[in-house]
Amino acid sequence: MRGLDLLRLGRLRGEGPGAAGEGAGDARPRARASAAAIVPAFAVGLAAVLVRGIPILGSGGFPLNDGGLFYVMARDLQANSFLMPATTSYNGADIPFAYPPLGIYLVAFLHLALPVQLIDLFVWLPLALSLASVAAMFFLARQLLPTRFHALVATAAFAVAPQSYMWVIEGGGVTRGLGLLLALLAAGWTVRYLRDGRAAQGALAMLAGGLAVASHPNAALFAVLAVVLLGLQARTLGRPLRILIGMGVVSAPWWAIVAVRLGPTGLVSAGSLDGPAVVALRGFFELLSFSTTGEVFLPIVAATGFLGLLLCLNRRIWLLPVWLAVELLVDERLGAMYAMVPLCLAAGYGLADVVMPAFVRVSDYGRDLMPGELWRSTALRDGLLGILCIATFGSLIFDLSAVSPEHALPAATREAYQWVSDNTPAAASFAIITGSPAGTDGSQEWFPALTSRMSVATPQGVEWLGAEKWRSTYKDNVALQACASDTAECLLAWASDRGGAPQYVLLPKGPLLGAGSPNDCCTALRHSLLASGDFVVAYDGPGATIVRWPAVAARKARAGRESELPRILPGEAEAAV
């Protein structure tokens with residue numbers, strides 16, 4: 001069927017240097033081709049290890065950024081004999097245990113099977129899954145792109161672009177990384193099944209896709225969109241439909257339990273937090289600005305991807321541009337990350353078919369990972385490796401910068417959390433103030449996991465309580481974090497607006513977002529609280545200042561609506577952050 005041939009995108013109507021077929025006119029032995037492939041493949045693998053591994057090596061043995069919710073859920077599974085409990089014990093909020101649990105089951109099982117601490121698995125398992133996803137990207141690229149060189153370029157772009165890994169190597173990567181890996185494998189096997197029609201290929205696509213659904217909500221969305229769009233590209237519906245049904249069957253042990261407990265609306269509540277209009281508008285601006293790669297030095301991946309998309313449009317290859325647009329316009333939370341897949345595939349075209357031919361005439365791509373004429377040119381070969389080095393260097397700059405979320409909770413702050421666990425009532429509630437919104441530094445999410453105390457206004461997991469609850473909690477969090485640059489009066493107004501005050505306020509110390517971030521998140525607020533007669537210092541160490549919110553301050557907070565205390569409105573708080 002001609003429709004299935006379209007899945008080898010570069011061969012559409014015989015266009016592109018690889019149209020004649022990989023290996024056409026190439027009489028060199030396979031052994032020589034394999035030897036020539038070692039250097040570029042090793043370079044891409046090394047770049048992936050560097051940009052993803054160096055942040056973890058500098059984490060002090062603690063997970064990057066987030067993962068506290070999943071850490072508690074893994075312990076909940078172990079305590080419940082690996083049966084899904086109705087709720088998780090995280091943050092005392094009665095959050096349903098509805099999150100796709102495959103990654104949580106994996107880390108909980110590995111903790112029992114291996115002589116490794118659970119917290120260490122949240123450090124190293126995300127890295128392993130992230131590196132495996134690079135290999136899975138090459139597998140997918142080989143199915144869709146015309147030559148190994150195209151596929152290697154696409155994989156190199158995926159290996160070093162910050163947006164493709166920054167949410168995967170964090171502690172939460174035990175679910176996000178597993179979901180991405182399985183979704184890429186599902187897409188690759190879907191192409192094979194649509195092209196060759198072998199039952200084993202279809203079964204592998206169903207298995208990988210179903211496990212992706214059971215790993216992460218956004219991986220589920222990506223896998224479904226990939227199957228549908230690839231089916232449309234191949235001009236067939238029967239096989240994609242069979243894959244989707246198989247994915248549903250494989251993932252049924254999770255979604256059936258959640259549907260029974262929470263109903264159909266509860267099953268999808270975490271995927272519609274901002275509403276389709278807001279998601280589409282945000283994705284539209286990301287699409288126009290072309291700023292999804294996260295590059296802060298030279299936007300090499302963005303530039304080559306853009307050239308590749310223009311080439312695809314010129315050749316009327318619609319899959320990659322449409323795939324990119326749909327991901328950004330539909331996926332509410334990780335659309336930018338999953339959009340890196342079609343963008344990096346397009347980068348394979350951008351470098352191989354636009355940039356390189358501008359420097360040398362390429363008559364044919366051989367069996368090598370690189371075209372023979374390019375590989376024989378030392379200058380061009382070194383130039384390609386130089387481009388990879390520049391992109392790697394740019395990603396390392398991003399990893400170490402304060403704009404990156406790739407930073408672990410400082411050891412001194414963890415010591416302060418241990419003091420909380422040892423010296424405060426089990427039912428105590430805390431306001432954690434860092435000046436950063438939830439999800440960008442680990443202080444807020446890890447506090448309940450390490451102390452078993454409640455952190456008010458921490459939204460992690462609340463999405464499973466419904467969109468309205470999540471929005472109100474998130475706005476509460478934004479307003480609280482806006483007080484970091486204000487005074488105690490801001491806290492009183494915040495407590496008045498929410499109708500109650502926590503028992504403690506915790507202000508972490510030190511550069512929470514790496515060496516490039518300020519040493520104190522909350523100078524004005526810290527001085528105001530210490531100088532106030534209404535708040536009592538309970539702990540003041542190198543990692544945090546903790547003050548008690550006594551009755552007199554609580555009364556002032558309750559009376560705030562009648563007083564003339566300044567208040568932070570939700571819109572103003574969001575603007576401040």
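The shown structure was predicted, so the numbers you read here are calculated from the model rather than taken from an experiment.
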Q: May I ask you to check whether Phe297 and Phe393 place their ring centers less than 6.0 Å from one another?
A: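 Judged by ring-centre distance (under 6.0 Å), Phe297 and Phe393 do meet the cut-off.
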
Can you confirm whether [X] is buried at [atom1], in the sense that more than 12 heavy atoms of other residues, nucleotides or ligands lie under 6.0 Å from that atom?
X      : atom1 : result
Ile397 : CD1   : yes
Gln117 : CD    : no
Phe82  : CZ    : yes

(Q) So, applying side chain to side chain contact (heavy atoms under 4.5 Å, CB included) with Asn65, which one of Ser443, Ser404, Ser59, Pro405 is it? (A)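 Going through the options one by one, the only one that passes is Pro405.
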
Distance, nearest 0.5 Å, that separates [atom1] of [X] from [atom2] of [Y]:
X      : Y      : atom1 : atom2 : value
Tyr165 : Phe398 : OH    : CZ    : 6.5 Å
Thr440 : Asp66  : OG1   : CG    : 10.5 Å
Leu211 : Leu185 : CG    : CG    : 10.0 Å
Tyr105 : Gln78  : OH    : CD    : 11.5 Å
Arg75  : Leu118 : CZ    : CG    : 7.5 Å
Leu229 : Thr190 : CG    : OG1   : 11.5 Å

Does some side-chain heavy atom of [Y] sit less than 4.5 Å from a side-chain heavy atom of [X]?
X      : Y      : result
Asn314 : Leu310 : no
Pro63  : Trp446 : yes
Val301 : Cys344 : yes
Leu230 : Leu319 : yes
Leu121 : Val174 : no
Cys312 : Trp318 : no
Glu295 : Pro162 : yes
Leu343 : Met340 : yes

Q. Excluding sequence neighbours, so at least two apart, what forms side-chain hydrogen bond (donor to acceptor under 3.5 Å, both in side chains) with Thr413?
A.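 By the side-chain hydrogen bond (donor to acceptor under 3.5 Å, both in side chains) rule, Thr413 matches no residue at all.
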
(Q) Could you check whether Arg198 makes a cation-pi contact with Tyr193, meaning its NZ or CZ is under 6.0 Å from the centre of the six-membered ring and within 45° of the ring axis? (A)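 That pair does not qualify as a cation-pi contact.
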
**Q.** Derivation and outcome, side chain to side chain contact (heavy atoms under 4.5 Å, CB included), residues Leu351 and Leu384
**A.** CA-CA 9 Å; Leu351 186 65; Leu384 288 172; 3.8 Å; yes

Q: Check the pair Val191, Gln201 against side chain to side chain contact (heavy atoms under 4.5 Å, CB included), reporting the backbone distance first and the verdict last.
A: CA-CA 9 Å; Val191 178; Gln201 297 168 340; over 6 Å; no

Q) Is there a side chain to side chain donor-acceptor pair (under 3.5 Å) between Thr434 and Asp441 once you walk through the steps? A) CA-CA 8 Å; Thr434 66; Asp441 78 85; 3.0 Å; yes

Nearest heavy-atom pair of [X] and [Y]: which atoms, and what distance?
X      : Y      : result
Gly308 : Tyr349 : CA-CB, 4.1 Å
Pro40  : Leu152 : CB-CD2, 3.4 Å
Ala205 : Ile243 : CB-CD1, 4.0 Å
Leu328 : Ala336 : CD2-CA, 3.9 Å
Pro55  : Val51  : CD-O, 3.4 Å
Met137 : Ala154 : CE-O, 4.3 Å

Is the backbone N or O of [Y] less than 3.5 Å from a side-chain atom of [X], with the two atoms forming a donor-acceptor pair by type?
X      : Y      : result
Ser395 : Ala391 : yes
Gln460 : Gly68  : no
Arg176 : Pro126 : no
His216 : Leu102 : no
Glu463 : Gly461 : yes
Trp189 : Gly209 : no
Gln444 : Ser436 : yes
Arg414 : Leu409 : yes
Ser215 : Gly103 : no

Q: Show the numbers, then the answer: is there a side chain to side chain contact (heavy atoms under 4.5 Å, CB included) between Leu184 and Ser133?
A: CA-CA 7 Å; Leu184 288 171; Ser133 72; 4.2 Å; yes

Q. Listed by chain and number, what are the side-chain contact (heavy atoms from CB on, under 4.5 Å) partners of Ala186, not counting sequence neighbours?
A.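 With sequence neighbours excluded, Ala186 shows a side-chain contact (heavy atoms from CB on, under 4.5 Å) to Ala208, given in chain and number order.
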
Q: Check the pair His111 / Asp120 against side chain to side chain donor-acceptor pair (under 3.5 Å), numbers first and verdict last.
A: CA-CA 9 Å; His111 174 229; Asp120 292 333; over 6 Å; no

Q.
Applying salt bridge (Lys or Arg N to Asp or Glu O under 4.0 Å) to Glu406 and Arg52, what does each step give before you reach the verdict?
A. CA-CA 10 Å; Glu406 314 308 338; Arg52 296 155 192 255; over 6 Å; no

Q: Give the C-alpha distance, both sets of side-chain angles, the deciding distance and a yes or no for ring pair (Phe, Tyr, Trp, His ring centres under 6.0 Å) between Tyr99 and Phe70.
A: CA-CA 9 Å; Tyr99 204 95; Phe70 303 138; 4.8 Å; yes

Q.
Just to verify, what does Phe158 make a ring pair (Phe, Tyr, Trp, His ring centres under 6.0 Å) with, not counting sequence neighbours?
A.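 Phe158 satisfies ring pair (Phe, Tyr, Trp, His ring centres under 6.0 Å) with no residue once adjacent residues are dropped.
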
Q. Does the pair Glu327 and Phe222 meet the rule for a side chain to side chain contact (heavy atoms under 4.5 Å, CB included), with working shown?
A. CA-CA 8 Å; Glu327 276 295 335; Phe222 175 85; 3.2 Å; yes

